[in-house]
Amino acid sequence: MPDAIYQRHEKYINPLLVKRLATLGFARTFVSARGSEVIASDGKSYLDFMAEFGSVPFGYNHPELVDAINHSLASHAPSFLHVAPNPEAGLLAEELAARLDPPLTISFFANSGTEAVEGAMKIAYAATRRARVLYCHGAYHGLTLGSLSVMGAERFRGPFPSLPGCDAVSFGKMDGIVERLKTKRYAAFIVEPVLIEGGIHVPPSGWLAELGALCKRYGTLLLFDEVQTGIGRTGTLFAYQREGVVPDVLIYAKALSGGLLPVGGFTTSPEWHAKAFPRPEDHGLHSSTFGGNTLACAVARKTLQMADITLMKTVRDDGEYLGARLRRLANESPLVAEVRGIGLIWGIAFAPPTRGWKTALSLGLPNAISQRLLAHWVAVRMLERGFITETCVHDETVLRVEPPLNVGRPAIDRFLDALTEVLRENERFTDFVKQAGARLIERALRKA
Ligand code: PLP
C-alpha cells in the first residue's frame, strides 16, 4: 500500500474509507491515465470498467477534450461574470436543445448531479405549487438534503431529516402510482430511466410511457434523472430517446463533463420554466456561482459533439456483444443468478449460496451478506488481474460493468476472459469462502 498517501487520507479526509479499501485489498494509488487505461504507482496497468460511475465517457484525458480546455484558457474569456450572459453557456444550451426533443429547450447549468436534481425539484415545486414528490425504491439521486429525500435507500438517509411529502413506489411496476397521482398533490415524479445503483434494472417496455401519460393527466412533472444514463451510456444520447417518452425535466451531469470538469444541469420547457418563475424578480430564484462557467461549458460542448451517431451505434453494438457474452457466462456459472443491462451498463447479480449449496457453506451468513461478499470478492480478484469494477451502491450483490463508451472490443474481450477465469476459480462457494477467508486472516495477522 502506498503508505504516505493513504495515511494522509486517513488523517485528513476519510479514515473509514481508507480502512474499507485496505480490508479486502483495493488499496492502490493511480498516478496516470489515458483512455481506458489507468497506471498505478507501482507501474501496473489497469483497464477501467466502471468509468467513475459513468462520468468518463471517452476514457481519461481525451486529447480532444484537453485541447478544448487549452483553447478556452488561451482565449482569456472570463470564467464567469454574472452581470452578463456567458457565451459558452448559451452555446451549450443551444447544442443541447438541438439534440433533445421539443419542448425541451431551456437549460440551467450546475456543477454536479445532486445540484441538478435539486434545481429540477425546485422547478416542479414552483411550477405546480404542490408539496409532494414520488420517487422509486432503489433510486440514487445524490447526497444533498433535497436529493437525499428522494433517495431510495435507507442506509444513506439514516440520520438526516427529509423533505416532507416524498413517497416511494416500486421501480418498473404500477403499484400505487395511479392512486397517488390522482390526488393531484404531487409536484414531481423523479425516476431514472434505468435504475442503476439499485442494481441495474431496465424497466419493462412501456412503463416509462405509462408514467408519462399519467403524469400529464394529473399535472405532475415527470423528471428523468439521466445523471448516469445520459450522454450515450445506453446507446442513445439520452435513455429517454430510446423509449420516446419526453420528460418535463431532463437532468444530467457526470459524463457531460467529459470526465474532466464538473458540470451538471437540467433542461425543461419554456412553459414549465415560465410557470415556475413568472415574475421579473424570479430570474435569480435559482442560480449557482460556478454553474455554466466558461471552461466547463466548453468541455461539455466538445463532449456532446463527440457523442455522435457513430459512437452511439458502437455503444449499441458493443453493448449487445457484451450482454450476450455475459449471459453466456451467467448460464455457465452457478455463482451468477442473472445479468441485466443495456448499452454499456451491465450488472452481474450473484446468486444466493443456498441455491445448490448447503447453507452451512455460507458460514452461517445470511444469503444477502454472502452475495455481497462474493460480489466484492470478484471485484477484488478482477482488480488483481488488472480490471477496475465495483458493485452497485444500493445493491452490493450486483457487480457493475460500465466501461468508457469507446472502450472497444479487444478490451471487452480481455475483461470477459478475466471474468470467466475469476468465476471459474471461485466456482464453488466453498472455494470463495476459503480464498476470501484466507485473505482476511492473512491481513489481520499482518496488522497484529
Ligand atoms: N443521479 C444519479 C442517477 C446518479 O447516479 C448520481 C451519482 O451517482 C447522482 C444523481 C448524483 O450525482 P453527483 O454525485 O454528481 O452529485
Side-chain angles (χ1 to χ4, degrees), residues 14 17 48 50-57 108-124 133-153 155-157 160 163 166 168 171-172 188-203 208 222-234 237-240 247 249-267 288 290-293 296 299-300 303 341-347 389-396 398 400-402:
N14 189 339
L17 178 66
D48 180 14
M50 67 174 281
E52 205 47 34
F53 305 94
S55 310
V56 186
F108 169 87
F109 297 122
N111 310 282
S112 65
T114 195
E115 211 191 327
V117 166
E118 301 259 349
M121 285 170 65
K122 280 174 76 178
I123 285 271
V133 175
L134 271 186
Y135 67 96
C136 289
H137 293 295
Y140 190 106
H141 295 299
L143 296 181
T144 52
L145 287 176
S147 305
L148 258 191
S149 307
V150 290
M151 176 74 100
R155 182 164 73 96
F156 283 90
R157 304 172 55 155
F160 309 108
L163 285 173
C166 295
F171 183 86
F189 190 150
I190 183 165
V191 62
E192 299 161 74
V194 176
L195 191 73
I196 306 276
E197 300 305 342
I200 325 275
H201 293 274
V202 181
L208 294 172
L222 182 61
L223 276 43
F224 278 172
D225 179 346
E226 295 232 27
V227 166
Q228 201 157 164
T229 50
I231 320 301
R233 179 57 52 192
T234 66
L237 188 63
F238 287 95
Y240 87 80
V249 188
L250 177 73
I251 304 162
Y252 39 78
K254 290 194 188 286
L256 185 60
S257 68
L260 280 166
L261 288 171
V263 61
F266 63 81
T267 303
S288 168
F290 276 82
N293 72 75
V299 174
T303 301
I342 181 165
L344 284 175
I345 173 77
W346 287 83
T389 55
E390 249 288 19
T391 60
C392 291
V393 173
H394 291 334
D395 188 348
E396 293 172 81
V398 177
R400 73 206 304 137
V401 183
E402 191 174 8

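Keep in mind that the numbers below use all heavy atoms, side chains included, and drop hydrogens, waters and symmetry copies. Remember, it's 1-based here, ligands and their atoms both numbered in the order they're listed.
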Would you mind checking which non-hydrogen protein atom is closest to atom 16 (O) of ligand 1, with the distance to 0.1 Å?
Thr114 N, 2.8 Å
Which residue supplies the protein heavy atom nearest to atom 15 (O) of ligand 1, what is that atom called, and how far is it?
Gly113 N, 2.8 Å
for atom 3 (C) of ligand 1, nearest protein heavy atom and its distance come out as Tyr140 O, 3.2 Å
For atom 9 (C) of ligand 1, what's the nearest protein heavy atom and its distance?
Val227 CG1, 3.7 Å
Within-shell test, Lys254 vs ligand 1, heavy atom, strictly < 4.0 Å
yes
Those atoms of ligand 1 less than 4.0 Å from some heavy atom in Asp225
1 (N), 2 (C), 3 (C), 10 (C)
Validation row: His394, Leu195 side chains within 4.5 angstrom (heavy atoms)
no
Could you tell me whether the side chain of Phe189 reaches within less than 4.5 Å of the side chain of Val133, counting heavy atoms only?
no
With heavy atoms of Gln228 as the reference, note each atom of ligand 1 found under 4.0 Å away.
5 (O), 8 (O)
Tell me if the CZ atom of Phe156 is crowded by more than 12 foreign heavy atoms within 6.0 Å.
yes
Is Ile196 near ligand 1, meaning one of its heavy atoms is under 4.0 Å from it?
no
What distance do Glu115 atom CD and Ile251 atom CD1 have between them, rounded to the nearest 0.5 Å?
12.5 Å
